Amino acid sequence: MKIPEEELLAPGHRGCAGCGASIGVRLALKVLGRNTVVVCATGCLDVMTSPYPETAWEVPWIHVAFENAGAVASGVERALKTQGKEDVNIVAFGGDGGTADIGLQSLSGAMERGHNMTYICYDNEAYMNTGIQRSGATPFGASTTTSPAGNLSFGEDKPKKNMAFIMAAHGIPYVATASIAYPEDFMKKVKKAAETKGPAYIHLQQPCTTGWGFKPDQTIQLGRLAVETGAWGLFEIENGEFRVTYRPQERKQVIEYLSAQKRFKHLKEEQINEIQEFVDNQCEELGI
Amino acid sequence: MIEIRFHGRGGQGAVTAAEILAKAAFKDGKYSQAFPFFGVERRGAPVMAFTRIDAEPINLRYQVYNPDYVVVLDDGLLSVVDVYFGLKENGEVIINTHEEVKSENHTVFDIDATGIALEYLGVNIVNTIILGYFAKRTGEVSIESLLEVIKETFPGPIGEKNAAAAQKAYDMA
Amino acid sequence: MAKEIMTTNRAVAEAVKLAKPKVVPVYPITPQTTISEYLAQFVADGDLDAEYIRVESEHSAISATLGASEAGVRVFTATSSQGLMLMHEILFAAAGMRSPIVMANANRAISAPLNIWNDQQDSIAQRDAGWIQIYVENAQEAFDTILQSYRIAENEEVMLPVMVCLDGFILTHTVEPVDLLDQKDVDTFLGPYVPKFAYLDPERPMSLGNFADPGYYTEARYDMQVAMDKSMDLIKEVGAEFGEKFGRDYGLVEPYLCEDAEIIIIAMGSMCSTVRHVVDELRAKGEKVGLLKVRSYRPFPFEEIDEIVKNADKLAVLDKNFSFGIGGALFADLKTKCHKEAYGFILGLGGRDVIPEYIEEAVELTKNPVKEVTWLGLKEDE
Amino acid sequence: MVSMGCAISEPGSSRKNKTGGWRTFKPILDKDACVDCDNCIMFCPEGCINKDHDIDYDYCKGCGICNVECPVQAIKMEIE
């Protein structure tokens, strides 16, 4: 795959050193090109890229609120349609909180109505913008500021919400999971999503140096470990057809992934085994 | 100004009757207003609707408390609702019934609108029929305007049938 | 011009059809529902060339409306009560992003207790959102005001959304005569909407809805106040131009027999009609009473009001809303700058019928005051 | 005072905000060792490495991802 050179997310943005979200956006925009309108939910991405009077966006961009990217994108899509600009890529970015929690209703509405748009959830598995609070996408065992490990707690006690399958249940033509550590796989999926007539959803895992607790240079390493251990699976569901897009040759033990992050540091053998079992089951279900 | 209060049950078309009457009066060149006492009641529950007709523009924005006429679409309501409430001294009541209804204080006209409805429409929906009767009995609205509005409100054969039924009631009055 | 007879909701829908919005995201709620139904039918029949978005909530209705507006087209939405409350957050965003949205609100009480009938608490609760708010008295004014609102909202010096407030059921579901306008006249009056400042277009990339730190936020809000001030003249200008063209003129306020009035009743919305009727009756008895209808509640026309009430002895302010701990919002707002002897009256909450007796009682209590704020028609312990 | 609705009509204007000062460690590329895999370009959160693998130090925050992801260790991190 030839990667376009043009950068449509300008430097000078306020993302953390080693920010995974900006990597995800950069890669997506390379595929989407200039004929794109971006709708952004409130979150790290919006705050770090749009401090007035400067913007990091080279393409038209709009942010309104936390929970309504799906609805705002719906309005944008229809308005552009009435102007004969149906060829413009409409892409919405929402974090895991803005997607799996507070924005789920407006996203569901947009998907169900069949708007021609791509929604990309950049999932860093907690509310990072406000200081690492638990979201519906926080994985089992992760310690966050609102699901902290403590004398009586091992952190988050529920598994991660399965957004890709929830979106697939809407019967939309294209759903995929991706990781910033597998850029070609991700970019192919963005291309497919953009070319899909109707709604497409991509759930992009994006390690977060600040929220997960690892050194900024490890962002890609962590993404890779998530996939190589099976903690995060890469697949797509195209017109209802499920396909794994990447299989690790030999799955690593999940402890390698967990022990590289501060948020899992407190876990005891018992919970690590539980997570390993969960990951094994998940991989079996997905066929990884 | 004359004020009319309609009593019916949800689904019988009392609100539509009030609107048709207002529209017909408007067609006659008068000012008019119609509005429901809109409840959360469902099909079958008692409902009310109001019409005001005047030669001048109408300024009143509250319910009709002292009607000149009361129109009752269903005599079953007589045991549930005080349909005579607030009726003006010389006010008149028109009731859909196949029995004779008497009131000590008010003039009551009864019409078997249900009979006509079943004959002409095949269903017990009497709002247009009772308006036909109302037109003749009260003279507040012309039958021509009334039939026109009925046909506009229900386009096609249903409107024709309703208009014929209203005409029949008009002729009976 | 064709004179027809229809509900206010229908009149609103007819005005919207003539204004030709390109995107209409709307969610049904009593008593706004028939507006959304008429518009759906217009689109289904090809009478309105617009994208009708069947959103899943009012929050998404206003969000999609804002998105479409920012994408550069004329838009419309409508709501009521709980729906308007659900929109609350995005109302501020729409005003802050200077989006020229026109929205109809069918005024309805707020839960709890649950109530579907009219009062004005819903829109009053949004008064600080940065929207222009115009309260209409009848179907004709609703029709005319929707059209004028586009001119006001889309004016380059204003660029603020406009909320047209119409009393639920009392107006929305009442059939009465309305003069409609021809498409050609409306086209000339409105002109097309051409976005100038902010729009989403790949040919000219802009970032909208940005983050502003303490160094800019105050200025952004102040600019809105400047725009709100400018809208004051514009509402009058547009109302006057409308009058010249179509024979019905409008302003920020509408005085009725106020010149020599000793007591002026101040009110908003549909109850002004009944107040006129009471004023006529009291005048017939020799009482010098007048009505000052406040049409534009935001911006609040202090100067106009001052000018009209300057010779009156006392003011009786009627509110279909209540700000707990203070009184009615119209009364409280008026008192901030107007130092006339004024009394506030709360009435018509949750659909309680505003009957002439209440208005007469308000006049009596203004003559012989007992307290500053009185709830009219309040049932004591039964 | 501010633009209408605080809209920003200059795309990519965040370039005015030089983030090079955030750096503690500076990546130095040995171009002779570079195998043109482009990992550093692909994974740079700032997008500040061009196609010739020149690093724009005006923006590089020194995260070190390029250093870690370089398959031939052609990028070294040096203290500023």
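Within every chain, numbering begins at 1; the chains are lettered A, B, ... in the order of the sequence lines, protein sequences first and strands thereafter. As the structure is a prediction and not an experimental result, all values here were calculated from the model.
Contacts of Met97(C) with chain A are made by side-chain atoms alone, with heavy-atom separations under 4.5 Å and no backbone atom involved. Of the two parts of Ser207(C), the backbone and the side chain both hold a non-hydrogen atom closer than 4.5 Å to a non-hydrogen atom of chain A. Only the side chain of Arg113(A) comes within less than 4.5 Å of a heavy atom in chain C; its backbone stays farther off. With a 4.5 Å cut-off on non-hydrogen atoms, Gln83(A) touches chain C through its side chain but not through its backbone. Both the backbone and the side chain of Ser106(A) come within contact range of chain C, judged by heavy atoms closer than 4.5 Å. Ala212(C) touches chain A through backbone and side chain together, each having a heavy atom under 4.5 Å away. Only the side chain of Val88(A) comes within less than 4.5 Å of a heavy atom of chain C; its backbone N, CA, C and O stay farther away. Using a 4.5 Å cut-off between heavy atoms, Phe92(C) does not touch chain A at all. With a 4.5 Å cut-off on non-hydrogen atoms, Val76(A) touches chain C through its backbone and its side chain both.
Most heavy-atom pairs under 4.5 Å with chain C: of the set Pro51(A), Ser74(A), Cys40(A), this distinction falls to Pro51(A). Options Leu200(C), Asp201(C), Leu66(C) differ in how many heavy-atom pairs under 4.5 Å they form with chain A, and the most are formed by Leu200(C). Chain A forms more heavy-atom pairs under 4.5 Å with one residue of Asp213(C), Ile90(C), Val75(C), Asp49(C) than with any other, namely Ile90(C). Between chain A and the residues Val73(C), Ile53(C), Val23(C), the largest count of heavy-atom pairs under 4.5 Å involves Ile53(C). Note on Ser108(A), Ala79(A), Pro60(A): by heavy-atom pairs under 4.5 Å with chain C, the leading option is Pro60(A). For the set Ala65(A), Pro53(A), Gly70(A), Ser50(A), the count of heavy-atom pairs under 4.5 angstrom toward chain C peaks at Ser50(A).
Under a 4.0 Å N-O distance rule, the pair Arg14(A)/Glu54(A) qualifies as a salt bridge. By the 4.0 Å N-to-carboxylate-O rule, Lys191(A) lies close enough to Glu195(A) to be salt-bridged with it. A salt bridge links Glu14(C) with Arg10(C): the closest approach of a Lys/Arg side-chain nitrogen to an acidic carboxylate oxygen falls below 4.0 angstrom. Using a cut-off of 4.0 Å between Lys/Arg side-chain N and Asp/Glu carboxylate O, Glu125(A) and Lys160(A) are scored as salt-bridged. Ion pairing of Lys189(A) with Glu236(A) is absent here, as no side-chain N (NZ or NE/NH1/NH2) approaches a carboxylate O to less than 4.0 Å. Note on Lys30(A) versus Glu5(A): no salt bridge recorded, every NZ/NE/NH1/NH2 to OD/OE distance being 4.0 Å or above. Salt-bridge check for Lys161(A) with Asp96(A): failed, with every basic side-chain N at 4.0 Å or more from each acidic carboxylate O.
With Asp123(A) as the fixed residue, the side chain to side chain donor-acceptor pair (under 3.5 Å) test singles out one of Gln206(A), His203(A), Gln205(A): His203(A).
Atoms OH and CD1, on Tyr174(A) and Ile202(A) in that order, are 6.0 Å from each other to the nearest 0.5 Å.
At least one side-chain heavy atom of Arg108(C) sits under 4.5 Å from a side-chain heavy atom of Ile29(C).
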